[in-house]
Amino acid sequence: MKKNRNLLLGCIFLSSFGSIVALLGSTTISTEVGSGEGAGASYTGVLLAVKFAPAIIAKPYTTWLVGRFGTRKFFVIGQSLMVILNLSLAGALQLGAPAYLTLLLFSGCMGVVGSMLHVLVPVMMKSYLPSATMAGSLSKAAVANGLASVFGALFATFLLAQLAPAAAFVVNGVLTIPYILFLLFN
């Protein structure tokens, strides 16, 4: 049981690490587009609004979808969709699609899926990281998320100085795959 717990925490770390890298890749694109006009923060603000507005609308439908598919299955489907979205976004950027517009389109979709997954995290953590309380289960995952945020941010600064922002979305997609595999086989 402890081996599975540590494996899950490692998968959470990798997935969160990738998410932070992708977040910094997104803000790099929005800042670069807006920097010519001195409006990098405005472009980033619009990006975040486009991500979070559809998320607010979609979040209440999580219960219905979980009832239809089951919590674990829906969580795996959602994580798989996030991998597909990240890799597709990276591909579109590499093929020369307009970076900011493409990012806006994908961010809306990622916001919807991500918001639904966010609702399920406490349920998943309570199932896979047993503890006497929900807070105990979530605190175990929070340590992995926190470490991933720190190291992911540092890695992203190096990565984005060397490569195009599309690489950040590849990293995010690839690092989420172990989490999906863990959930499928445990």
From [X] atom [atom1] to [Y] atom [atom2], the distance as rounded to the nearest 0.5 Å:
{"X": "S19", "Y": "N145", "atom1": "OG", "atom2": "CG", "value": "8.5 Å"}
{"X": "L7", "Y": "N186", "atom1": "CG", "atom2": "CG", "value": "6.5 Å"}
{"X": "L9", "Y": "M125", "atom1": "CG", "atom2": "CE", "value": "8.5 Å"}
{"X": "L103", "Y": "K51", "atom1": "CG", "atom2": "NZ", "value": "9.0 Å"}
{"X": "L120", "Y": "T63", "atom1": "CG", "atom2": "OG1", "value": "8.5 Å"}
{"X": "L87", "Y": "M82", "atom1": "CG", "atom2": "CE", "value": "11.5 Å"}

Could you give all pairs that pass the ring pair (Phe, Tyr, Trp, His ring centres under 6.0 Å) test and reach [range], with sequence neighbours left out?
{"range": "residues 59-80", "value": "F75-Y179"}
{"range": "residues 76-120", "value": "Y43-Y100"}
{"range": "residues 3-35", "value": "F13-F17, F17-F155"}

*Within-4.5 Å side-chain heavy-atom neighbours: T176 and N86*: no
Hits for side-chain contact (heavy atoms from CB on, under 4.5 Å) against A153, two or more places apart or cross-chain, chain-then-number order -> I20, L24
Which residues share a side-chain contact (heavy atoms from CB on, under 4.5 Å) with T44, sequence neighbours left out: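 T44 satisfies side-chain contact (heavy atoms from CB on, under 4.5 Å) with T27, S30, T31, L48 once adjacent residues are dropped.
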For a quick test of reading the model, state the closest non-hydrogen atom pair linking [X] to [Y] and the distance between them.
{"X": "T102", "Y": "P98", "answer": "OG1-O, 2.7 Å"}
{"X": "P54", "Y": "A49", "answer": "CD-O, 4.2 Å"}
{"X": "G78", "Y": "V113", "answer": "O-CG1, 3.4 Å"}
{"X": "A90", "Y": "A166", "answer": "CB-O, 3.4 Å"}
{"X": "S115", "Y": "A58", "answer": "OG-CB, 4.3 Å"}
{"X": "L14", "Y": "P178", "answer": "CD1-CG, 4.1 Å"}

Given V66 and M116, is the side-chain contact (heavy atoms from CB on, under 4.5 Å) satisfied, shown in steps?
CA-CA 10 Å; V66 165; M116 291 179 169; over 6 Å; no
In the single-linkage hydrophobic clustering (I, L, V, M, F, W, Y; side-chain heavy atoms under 4.5 Å), do [X] and [Y] co-cluster?
{"X": "I29", "Y": "L23", "answer": "no"}
{"X": "L175", "Y": "V170", "answer": "no"}
{"X": "L129", "Y": "L138", "answer": "yes"}
{"X": "M110", "Y": "I84", "answer": "no"}
{"X": "L163", "Y": "F151", "answer": "yes"}

### Query
Within the distance-only criterion (no hydrogens, no angle test), does the side chain of S15 pair as donor or acceptor with the backbone N or O of I12 below 3.5 angstrom?
no
Handout entry: Any donor-acceptor pair under 3.5 Å from R72 side chain to L184 backbone
Key = yes
Check: Only one of T71, I77, V76 forms a side chain to side chain contact (heavy atoms under 4.5 Å, CB included) with K73, so which one is it?
Finding: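 In the set T71, I77, V76, the residue that makes a side chain to side chain contact (heavy atoms under 4.5 Å, CB included) with K73 is I77.
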Please assess L104 against L47 for the test side-chain contact (heavy atoms from CB on, under 4.5 Å), listing each intermediate value before the final yes or no. CA-CA 6 Å; L104 287 177; L47 171 66; 4.0 Å; yes
With sequence neighbours left out, the residues meeting ring-ring contact (aromatic ring centres under 6.0 Å, His included) with F169 are none
